[in-house]
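Take a look at the structure set out below.
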Amino acid sequence: MTSPAVDISVVIPCFRGESSLPELCARLTRSLEARGAPFEIILVDDSARPALWAVIEGLAQADPRVSGVRLMRNFGQHNATVCGFRHVRGRWVVTLDEDLQNPPEEIGALLARAEQTGADVVYGIPRARQGPGWRSLASRLIMVIPRKVMRVSFDISAFRLISGRVAAEVARSERHDIILDIYLSWVTDRISATEVRHEHPEGLRSSYTLGRLVTVFFNLLFNYATFPLRLASVGGFCLSVMSALAGALVVFSKYTGYITVPGWASLAVAVLFSSGVTLLGVGILSEYVARIFLQINQKPQAVVRQTTPIALRAVAEPEPSRQESLHGHR
């Protein structure tokens, strides 16, 4: 197998990085050049704002190792990241935010952890997370779901090191509601983490408002976790049992003389039992309906409007080494 065209591909989903991208790319370039291996930086414009694309085009013109992908509209951070995976050529793929919270100098720590553990995915976990108290609390609450679904003991982050083969498999997904971290756990169970430095640049304003965090929470809860459906099923079953016991108690009370109102006993038994059975049936049906819905939903994941010339050539004229890195060993 021929080695990939580059050693590391860095994918950065961009939303409002007009001011931070030049510094981020400069720090990335210095850090990756120090390793002495070829690399590329792919900036995915998920904002549909001309100002941001102008910055990306300028960076791509100044350095041929930087390329840009412009989406038709805002599709979301995870969708934009997966779209970037379709343009990578690296043996390893690094993802990080545009806001300089994830220091590029820490990529070496992720690589060292991958070599030490043989992991396909390594997360950079902040040693001390900074930011508003309510945001930290909300993030920790949201992290409970992916930790349970992924079966990991650590919080996840947007600072990731992913093997090229795993990234290529994720790039094949067309799910419009993809949560990258959950999908990574579906592809591989070799997932690790290491502590990294976390920065909080002055004037930083996160694009994740409280409303967007709530949206992410419900997306995780109802699209990637079966807990609500199982709760309905278990709740329906428990209520069915309780209804049967209550019905038996009503019948017993009727024949022992505690209930003297005509028709009340039969009506109470019918209502209690039918309610429990209905909830049980709804819970079971919802299991099947949810799976059918997720299979037939064809909302586009992301649509590319244009790319810089470098990224365009990578897609139009793939090298044999890139094809092998996409599909893995045969």
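Bear in mind that the values here come from a model prediction, so they are computed numbers and not experimental data.
With Leu43 as reference, Ile12 is the one residue of Val10, Ile12, Leu52 to meet the side chain to side chain contact (heavy atoms under 4.5 Å, CB included) rule. Ile8 pairs in a side chain to side chain contact (heavy atoms under 4.5 Å, CB included) with only one of the listed residues (Val88, Val93, Leu32, Leu161), which is Leu32. Of the candidates Val166, Ile162, Val121, Val187 forms a side chain to side chain contact (heavy atoms under 4.5 Å, CB included) with just one, namely Val166.
A distance of 11.0 Å separates CD1 in Ile191 from CZ in Arg160, rounded to the nearest 0.5 Å. For the atom pair CD of Glu18 and OG of Ser47, the computed distance is 6.5 Å after rounding to the nearest 0.5 Å. The CZ atom of Phe75 sits 8.5 Å away from atom SG of Cys83, with the distance rounded to the nearest 0.5 Å. Once rounded to the nearest 0.5 Å, the distance linking CZ of Arg65 with CD1 of Ile42 reads 14.0 Å. Atom CG in Leu24 sits 9.0 Å away from atom CG in Asn102 (nearest 0.5 Å). With rounding to the nearest 0.5 Å, the separation of CD1 in Ile41 from OG1 in Thr29 is 4.0 Å.
A distance-only check finds a donor-acceptor pair linking the side chain of Glu98 to the backbone of Gly17 [under 3.5 Å]. Not one N or O on the side chain of Asp97 forms a donor-acceptor pair closer than 3.5 Å with the backbone of Asp99.
Val11 and Thr81 get closest at one heavy-atom pair: CG1-O, 3.9 Å. The nearest pair of heavy atoms linking Arg27 to Pro104 is NH2-CD, 3.7 Å. Closest of all the heavy-atom pairs between Arg89 and Glu40 is N-OE2, 2.8 Å. Residues Gly68 and Ile56 come closest through the heavy atom pair CA-CG2, 3.7 Å. Closest heavy-atom contact between Ala48 and Met72: CB-O, 4.0 Å. Here the closest non-hydrogen pair linking Val44 and Gly84 is CG2-CA, 3.8 Å.
Figure legend: Arg35 and Phe39 shown without cation-pi pairing, the cationic atom not lying both under 6.0 angstrom from the six-membered ring centre and within 45 degrees of its axis. A cation-pi arrangement is found for Arg49 relative to Phe15, the charged atom lying closer than 6.0 Å to the ring centre and inside a 45° cone about the ring normal.
The existence of a salt bridge linking Arg30 and Glu33 is excluded, since no basic side-chain nitrogen approaches an acidic carboxylate oxygen closer than 4.0 Å.
Within the 4.5 Å cutoff, the side chain of Ser185 has no heavy atoms near those of the Thr188 side chain.
No more than 12 heavy atoms of other residues, nucleotides or ligands lie within 6.0 Å of CZ in Arg190, so this atom counts as exposed by the packing criterion.
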